[in-house]
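The structure appears below as structure tokens.
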Amino acid sequence: MATTKAFAFLLLAFCTAGSAWSVPVKMLGFDDMSCNSWINSKNENELRRTQLAWVRGVLTGHNYANQRQQVSVISNGTVENFVDRYCSDNPQGEYSDAALRMADKFSGRNEALSK
């Protein structure tokens, strides 16, 4: 009886964990998260600072959720260069995606996060 209950519990836990990955990530950010917005903010110091802070917040959130695969201390220049490159390669993309890809790369995860 105990073995059956343990098996049922493990099966339920496995099924629940699998469904958690299929739920899309809800991005809470700026009204315009496009790469075009990122590129156009290069000479708008205040907006760029807040965009950088937002990306760093995503990296911090990644660290909180994945404490065994954390992004190390990283400079604003590194963040800005990464997002610049991402947006150059993906002009129709969003810099929120760049933040997720950065979390993948700099945490050693090297897998795309489910979105």
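- The shortest distance between side-chain heavy atoms of V83 and Q51 does not fall below 4.5 Å.
- Separating the CD atom in Q69 from the CG atom in D104 is a distance of 9.5 Å, to the nearest 0.5 Å.
- Although no hydrogens or angles enter the test, the distance criterion places no donor-acceptor pair under 3.5 Å between the side chain of S88 and the main chain of D84.
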Query raised in the report: Taking it one step at a time, do E80 and S75 satisfy side chain to side chain contact (heavy atoms under 4.5 Å, CB included)?
Result: CA-CA 9 Å; E80 191 165 17; S75 71; over 6 Å; no
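- Scored by the side chain to side chain donor-acceptor pair (under 3.5 Å) test, R85 finds no partners at all (sequence neighbours excluded).
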Query raised in the report: Which is it for Q70 and F106 under the side chain to side chain contact (heavy atoms under 4.5 Å, CB included) test, yes or no, and what are the steps along the way?
Result: CA-CA 8 Å; Q70 294 191 37; F106 285 85; over 6 Å; no
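- Note that the OG atom of S41 and the CD atom of E46 stand 11.5 Å from one another [nearest 0.5 Å].
- When all heavy atoms of C35 and N90 are compared, the pair lying nearest together is SG-O, 3.5 Å.
- Residues M102 and Y86 are members of separate hydrophobic clusters, defined by side-chain heavy-atom contacts under 4.5 angstrom among Ile, Leu, Val, Met, Phe, Trp and Tyr.
- Classified by interplanar angle (parallel below 30°, tilted 30° to 60°, perpendicular above 60°), the ring pair W38/Y95 is tilted.
- Between the side chains of S34 and E94, not a single donor N or O lies within less than 3.5 Å of an accepting N or O.
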**Report entry** Derivation of the side chain to side chain contact (heavy atoms under 4.5 Å, CB included) call for R56 and N76
**Finding:** CA-CA 8 Å; R56 293 176 71 83; N76 277 346; 2.9 Å; yes
